[in-house]
Engineer: 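This is the structure I have questions about; it appears just below.
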Protein chains: 2
Amino acid sequence: MSDLLERLRGRGWRLTAQRRVVAEVLDGDHVHYTADEVHALAAERLPEISRATVYNTLGELVTLGEVIEVSTDGRAKRYDPNAHHAHQHLVCARCGTIRDVHPSGDLLADLPTQERYGFAISAVEVTYRGLCPDCAA
Amino acid sequence: MSDLLERLRGRGWRLTAQRRVVAEVLDGDHVHYTADEVHALAAERLPEISRATVYNTLGELVTLGEVIEVSTDGRAKRYDPNAHHAHQHLVCARCGTIRDVHPSGDLLADLPTQERYGFAISAVEVTYRGLCPDCAA
DNA sequence: ATCCTACATTGGACATTGTCTAAGTCAAGA
DNA sequence: TCTTGACTTAGACAATGTCCAATGTAGGAT
């Protein structure tokens, strides 16, 4: 992720303090924050950053394909910076924790043509649900 | 679905006009309404029905396993009465239309043990995304 | 058939998450 | 350094969902 800013600048992104802070917050492994969490963490470094800017920046990162938006349930969307490695999600039904997982098998091939209803399918998402060790205890 | 009310009464459900109307609205094939749509349709038959009751009833039906809650994206959840046949969903990324589909393959077996992080996995959901024929045109 | 009462419904306030806008600010090229 | 169009901000607004106290009622008991 350290070269993310470089990549974005190459695409004509204007590099502002706010965008830099948001990108820094998303840096790291197994990070799946909500927009509000990103805002809180960003505000630790840049207290005046507004919610609107965080939403804007996250939306741009999603559009650019640098970050994936994960809607686990009715709760807030989470943002996953691990966009360059195909993966799926394992979600705790109780506390909402997310882990990245890598199932085997060709998910797209599993859907017969006659079940595609003429759709141009562009993505397959798999969500495994269950209780994490802490919540199961 | 016609025997749904019987089944629910057998479980001690008090049968009210409101609950009957909500169940009737959900009756049918390939129905994936949002809570607000259910409320609007129910209100056609029972104008005084409140939003709270629709939310309560949908929640109960989900808890009882008669209806499945589908969170397609950041939009409103949709309610799928086809709970007794395992199936997955095909969603149009543009208009939000949902079709029920039945992929082959054992999705649960596709996740290696070492990728389960000690979770007790209880469900697997697959969402295929793409553009429906209308939106692709 | 009528009465009781626990359960269901109602309306509206409230909460959460996200979007939009007008006005001010600033990064970066000239 | 100047200029300008893109960026940020605060706060109003919107969409969806939850909660509560007051009221109503289904269905068993009498």
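To find a chain, count down the sequence lines: A is the first, B the second, and so on, and within it residues start at 1. Values in this document were obtained by computation on a predicted structure and should not be read as measured data.
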Engineer: Using a cut-off of less than 4.0 Å, is there contact between a side-chain N or O of Gln18(B) and OP1 or OP2 of dG24(D)?
Structural biologist: no

Engineer: Given dG18(C), dA28(C), dA10(D), identify the nucleotide with an atom nearest to the side chain of Lys77(A).
Structural biologist: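 For Lys77(A), the side-chain atoms sit closest to dG18(C).
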
Engineer: Calculate the interatomic distance between Leu5(A) atom CG and dA27(C) atom C1'; express it in whole Å.
Structural biologist: 15 Å

Engineer: Using whole Å, what does the distance between atom P of nucleotide dT19(C) and atom CG of Asn56(A) come to?
Structural biologist: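 Rounding to the nearest Å, CG of Asn56(A) and P of dT19(C) are 9 Å apart.
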
Engineer: Check the distance between dG11(C)'s P and Glu48(B)'s CD and give it to me in whole angstrom.
Structural biologist: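 So the CD-P distance, Glu48(B) to dG11(C), works out to 6 Å.
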
Engineer: Looking at the side chain of Tyr55(A), which of dT9(C), dA27(C), dG18(C) is the nearest nucleotide?
Structural biologist: dG18(C)

Engineer: Given that Arg78(A) and Trp13(B) both sit by DNA chain C, which one's nearest nucleotide is further toward the 5' end?
Structural biologist: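 Its nucleotide being nearer the 5' end, the pick is Trp13(B).
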
Engineer: Calculate the interatomic distance between Glu60(A) atom CD and dT19(C) atom P; express it in whole Å.
Structural biologist: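 Going from CD in Glu60(A) over to P in dT19(C) covers 13 Å.
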
Engineer: Looking only at N and O atoms, is any donor in the side chain of Arg51(A) or the base of dG18(C) less than 3.5 Å from an acceptor on the other one?
Structural biologist: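 Yes, the side chain and the base share a sub-3.5 Å donor-acceptor pair.
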
Engineer: Please report, rounded to the nearest Å, how far the P atom of dT8(D) is from the CZ atom of Arg20(A).
Structural biologist: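 Result: 12 Å.
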
Engineer: Any ion pair linking Arg7(B) and Glu66(B) (charged N to carboxylate O, less than 4.0 Å)?
Structural biologist: yes

Engineer: Are the side chain of His39(A) and the backbone N or O of Glu37(A) linked by a donor-acceptor pair below 3.5 Å?
Structural biologist: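 No; judged by distance alone, with no hydrogens or angles, the pair does not exist.
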
Engineer: Rounding to a whole Å, what distance do you find between Leu15(B):CG and dG27(D):C1'?
Structural biologist: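 Result: 11 Å.
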
Engineer: If you check every side-chain atom of Ala35(B), which of dG17(D), dT10(C), dT16(D) has the closest atom?
Structural biologist: dG17(D)

Engineer: Leu8(B) has an atom CG; how far is it from atom P of dC7(C), in whole Å?
Structural biologist: 17 Å

Engineer: Does any donor-acceptor pair link the side chain of Arg14(A) with the base of dT8(D) at a separation under 3.5 Å?
Structural biologist: no

Engineer: Hey, does Thr53(B) reach any base, or is it just sugar-phosphate, or nothing, if we go heavy atoms under 4.0 Å?
Structural biologist: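 Since a base atom lies under 4.0 Å of Thr53(B), the category is base.
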
Engineer: Indicate whether OP1 or OP2 belonging to dT8(D) is found under 4.0 Å from a side-chain N or O atom of Thr16(A).
Structural biologist: yes

Engineer: Could you tell me how the ring of His87(B) sits relative to the ring of His102(B): parallel (under 30°), tilted (30 to 60°) or perpendicular (over 60°)?
Structural biologist: tilted

Engineer: From dC7(D), dA26(D), dA10(D), pick the nucleotide closest to the side chain of Ala52(A)?
Structural biologist: dA10(D)

Engineer: To the side chain of Arg19(B), which of dT16(D), dA8(C), dT17(C) is closest?
Structural biologist: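 Looking only at heavy atoms from C-beta outward on Arg19(B), the closest nucleotide is dA8(C).
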
Engineer: Roughly how many Å is it from NE2 in His39(A) to P in dG11(D), rounded to a whole number?
Structural biologist: 12 Å

Engineer: I'd like to know if Arg19(A) pairs up with Glu60(A) as an ion pair, taking the criterion as any Lys NZ or Arg NE/NH1/NH2 lying under 4.0 Å from an Asp or Glu carboxylate oxygen.
Structural biologist: yes

Engineer: Side chain to side chain contact (heavy atoms under 4.5 Å, CB included) between Leu61(A) and Tyr79(A): does it pass, once the steps are laid out?
Structural biologist: CA-CA 10 Å; Leu61(A) 289 171; Tyr79(A) 293 87; over 6 Å; no

Engineer: With the side chain of Ser50(B) defined as its heavy atoms from C-beta on, choose the nearest nucleotide among dT8(D), dT10(C), dA8(C).
Structural biologist: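 Out of dT8(D), dT10(C), dA8(C), the nucleotide with an atom closest to Ser50(B)'s side chain is dT10(C).
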
